Amino acid sequence: MQLSRTRTALVGLAAVGVLVLPGAAQAGGTTTDGAASARCAVQFQHAQRTDMTSFRDYDAEQFRAVHTEDSVSIFPTGERFEGIEEIMAALDAHFTDQQALWSWTESNRRVDGCRSAFIEYETVYEIPEIGYYSQAHTVVSYVYQGGRWLAVLDQGTLLELRLPE
C-alpha cells in the first residue's frame, strides 16, 4: 500500500496536460478574425479548466479526452512519458487511488487566436494521509485541432518536495 501511495505521489508531480505534437504549427485554424479569436479564447478557457478539474476530480476519461494522442508529459522528477496511453499508465495510481489533493493557481496565459495557447500554473499535489507534498511550476501547452483545444505538452519544475517519513 505504501508503494502504491508513493507511486501516486510521484505521479502527482505531473500535474496534467502534455507535450510536443509534431507539426503543431499547422494543427488548427489560422483565422485572426476578432470574433473567431474571442470564441476560441472562450473555448480555451473551458478546455484548460476541464484539463485541471478532470485531474483534480479523478476523471480519467475526461482527462484523456482533452489531450492529443501523441501528447507528452514531463514530470517535475524529469520522467518523460510520450503518448496518451503511456501518460495514462503513468497516472493510473492517481486516478485509481483517489487520495491526492490537487490545486493550482494560474500565473500566466497566452492564447494565439485559434492556433495555440499555453498556461503557467503554480501547482500543489499532496497526499495528507502519508505526509507527501509537492509544489511545482507547471506549463501546459495546447493546440487548436479539429475545432477544439487539446493539451500537447505538460512540463513541471519542482519547487518544493516533502516526502513521507
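Quantities reported herein were computed from a predicted structural model and do not represent experimental measurements.
- In this structure, the separation between OG1 on Thr123 and CG on Leu159 is 7.5 Å, given to the nearest 0.5 Å.
- Phe44 and Trp149 have perpendicular rings, their planes meeting at more than 60° on a 0 to 90° scale where under 30° would count as parallel.
- Residue Tyr142 is grouped with residue Ile84 when hydrophobic side chains (ILVMFWY) are merged at heavy-atom distances under 4.5 angstrom, including chains of intermediate members.
- Atom CD of Glu126 is separated from atom CD of Gln135 by 10.5 Å, given to the nearest 0.5 angstrom.
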Check the pair Leu161 / Tyr132 against side-chain contact (heavy atoms from CB on, under 4.5 Å), numbers first and verdict last. CA-CA 8 Å; Leu161 177 62; Tyr132 178 89; 3.6 Å; yes
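- Side-chain N or O atoms of Thr96 include one that pairs as donor or acceptor with a backbone N or O of Asp92 at under 3.5 Å.
- Annotation: side chain of Phe81 is not in contact with side chain of Leu91 (no heavy-atom distance under 4.5 Å).
- Follow the hydrophobic side-chain contacts under 4.5 Å out from Trp102 and you reach Ile87 in the same cluster.
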If you apply the rule side-chain contact (heavy atoms from CB on, under 4.5 Å), what do you find for Thr53 with Arg56, and how did you get there? CA-CA 5 Å; Thr53 58; Arg56 179 196 66 198; 3.7 Å; yes
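- Using the six-membered ring where Trp is involved, His94 and Tyr125 have ring planes that are tilted, between 30° and 60° apart.
- A heavy-atom distance below 4.5 Å is not found between the side chains of Met88 and Glu61.
- Neither Val66 nor Trp104 shares a network with the other; the hydrophobic side chains, linked directly or stepwise wherever heavy atoms of I, L, V, M, F, W or Y lie under 4.5 Å apart, form separate groups for each.
- Of the residues Arg115, Arg110, Arg109, the one that meets the salt bridge (Lys or Arg N to Asp or Glu O under 4.0 Å) test with Asp112 is Arg115.
- Of the inter-residue distances, the one linking Glu79 atom CD with Glu86 atom CD reads 10.5 Å to the nearest 0.5 angstrom.
- The shortest side-chain heavy-atom distance between His67 and Asp51 falls under the 4.5 Å cut-off.
- Inter-residue side-chain proximity for Gln62 and Asp57 is flagged as unmet; no heavy-atom pair is nearer than 4.5 Å.
- Here the side chain of Tyr58 pairs no donor or acceptor atom with the backbone of Asp97 at under 3.5 angstrom.
- The distance from the CD atom of Glu122 to the CG atom of Asn108 is 11.0 Å, given to the nearest 0.5 Å.
- Rounding to the nearest 0.5 angstrom, the gap separating the CG atom in Asp59 from the CZ atom in Arg64 is 11.5 Å.
- Here the closest non-hydrogen pair linking Cys40 and Gly113 is CB-O, 3.5 Å.
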Verdict with supporting geometry, Gln155 and His137, side-chain contact (heavy atoms from CB on, under 4.5 Å): CA-CA 8 Å; Gln155 184 167 0; His137 183 84; over 6 Å; no
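- Of the listed residues (Met52, His46, Gln48), just one forms a side chain to side chain contact (heavy atoms under 4.5 Å, CB included) with Thr50, and that residue is His46.
- The cluster map of Ile, Leu, Val, Met, Phe, Trp and Tyr, joined by side-chain heavy atoms under 4.5 Å apart, puts Tyr144 and Val111 in the same cluster.
- Neither Leu101 nor Leu158 shares a network with the other; the hydrophobic side chains, linked directly or stepwise wherever heavy atoms of I, L, V, M, F, W or Y lie under 4.5 Å apart, form separate groups for each.
- Within the 4.5 Å cutoff, no side-chain heavy atoms of Gln43 are placed close to those of Cys114.
- To the nearest 0.5 Å, the span separating OG on Ser116 from CD on Gln145 amounts to 12.5 Å.
- Between Phe75 and Ala90, the shortest heavy-atom contact is CZ-CB, 4.1 Å.
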